[in-house]
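Data first, discussion second: the structure below is written as structure tokens.
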Amino acid sequence: MRSAIVDRPLDPTVLLAEVASTASGASTLFVGTVRRVNAGREVTGIDYTAYGAMAERELAAIVAEAAARFGCEQVVVEHRIGTLTLGEASIVIAVSHARRAAAMDAQRYLIEEIKRRVPVWKREHYADGTREWVDPTRPHATAGAP
Amino acid sequence: MRSAIVDRPLDPTVLLAEVASTASGASTLFVGTVRRVNAGREVTGIDYTAYGAMAERELAAIVAEAAARFGCEQVVVEHRIGTLTLGEASIVIAVSHARRAAAMDAQRYLIEEIKRRVPVWKREHYADGTREWVDPTRPHATAGAP
Amino acid sequence: MNLTVLLFASWADALGSSVQVEVPVGARVADVLASVSALAVGRVLPKPMVAVNHRYARADATVSLSDEIAIIPPVAGG
Amino acid sequence: MNLTVLLFASWADALGSSVQVEVPVGARVADVLASVSALAVGRVLPKPMVAVNHRYARADATVSLSDEIAIIPPVAGG
């Protein structure tokens, strides 16, 4: 099991290879990418920032929980920080498991818990030149910054 | 949307790139691989065979269903036939979607329907030298061949 | 009418990759399956589906000389 | 005691990447959050969690000088 907060482009192929095992019958990859439109606004890029030490601790805790709860062969997660352009990957989650259903259950658990708990923030850049911190607790409202 | 039955090694990276889109916020990859142990027996390889024309038709139908039902940006599936060794990929399913939850729902729908409906068969090679067609309707029983 | 029926996997191992069966004009899928199964009498083979022109067919569907008919043992892809 | 509190995202934009607050010995997480929030009076900031030593902390947990304390605005990773 491995997880990291990194400040360089992510390579899903490397993570997929890292979880490969002849004990597993299924491998899954989840890749989160920067989308052109969010909440009806045109996005041109995203700054991701993290509370590094806590983010690494929380990410490792979630990976350990998923591995134990679902009995995964391997779990590897990388979350990128820094400024990302359209289409770039912000997170890659790779899971391998003897059984496909459990691999997919673990994949979903991982992304949902990461979104809920890991201290990472994103500031979207919009086509109109403005930038805003995304606040998932206030969907479709302008968030946070005064 | 694209699907194919192929007789060469699969490359998950190519399929992941094929579904990439700035309209999507999530891409998923499902890779089915040959596992060392099945139903308690040591496996050394698998022959996959298909009723080619029907398998391609059924696979394309399932991909179209998933794309419509879940509103996917892109879906690409390749199923390999021929003789595979341990760890090799028999199927790769790539999905992209604006929303992560729907991407994962589509992924699960695709693999479950493919396993249920696409006319592909596998004959496992065991460490004791025997070979047997796998019959999922009779779990853990010796299947089929007289 | 004399129909060619395609076979796969364990059914092909037992009977070859295709067989010829004689059925009356207006025969149904169930009749074709019964005729093919009669060739495998005494052998243990898994209960199959039948496909007509690359689609799963109901037991009461009628078949004709121009149809592509196949015995589909339990599938195990993925 | 004088505590340093780390800030992130919208809270850091408003107040800087850290602030100093004076709280009594034996103060709780809720007291620290109240002191930091007082520095942001009049500004609209999202309701945060508080982390102590890299873990989410309950409002009634006590804090000490050696703790690493951070204000955690709503997270948006993934």
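So you know, we letter chains A, B, ... as the sequences are listed, proteins then strands, and number each from 1.
Within residues 59-70 of chain B, no residue has a heavy atom under 4.5 Å from a heavy atom of chain C. Contacts between residues 27-38 of chain C and chain B, counted as heavy-atom pairs separated by less than 4.5 Å, involve no residue at all. Contact residues of residues 63-78 of chain C toward chain B are C/E68, C/A70, C/I72, C/P73, C/P74, C/V75, C/A76, C/G77, C/G78 (heavy-atom distance under 4.5 Å). Within residues 86-95 of chain B, the residues approaching chain C closer than 4.5 Å by heavy atoms are, in numerical order, B/S90, B/I91.
With respect to chain C, the highest number of heavy-atom pairs below 4.5 Å among B/V77, B/V118, B/I114, B/I81 belongs to B/V118. Heavy-atom pairs under 4.5 Å with chain C were tallied for B/K115, B/E56, B/R116, B/R123; the largest tally goes to B/K115.
C/Y56 contributes atom OH, which lies 8.5 Å from atom CZ of B/R117 (distance to the nearest 0.5 angstrom).
Across every non-hydrogen atom of C/H54 and B/M54, the tightest pair is O-CG, 3.2 Å. Nearest heavy-atom pair, B/Y51 versus C/A51, reported as atom, atom and distance to 0.1 Å: CE2-CB, 4.5 Å.
Surrounding CZ of B/R2 are more than 12 heavy atoms belonging to other residues, nucleotides or ligands, all under 6.0 Å away.
For B/R80, no part lies under 4.5 angstrom from a heavy atom of chain C.
Taking the six-membered ring where the residue is Trp, C/F8 and B/W121 present parallel rings, their angle staying beneath 30° rather than reaching 60°.
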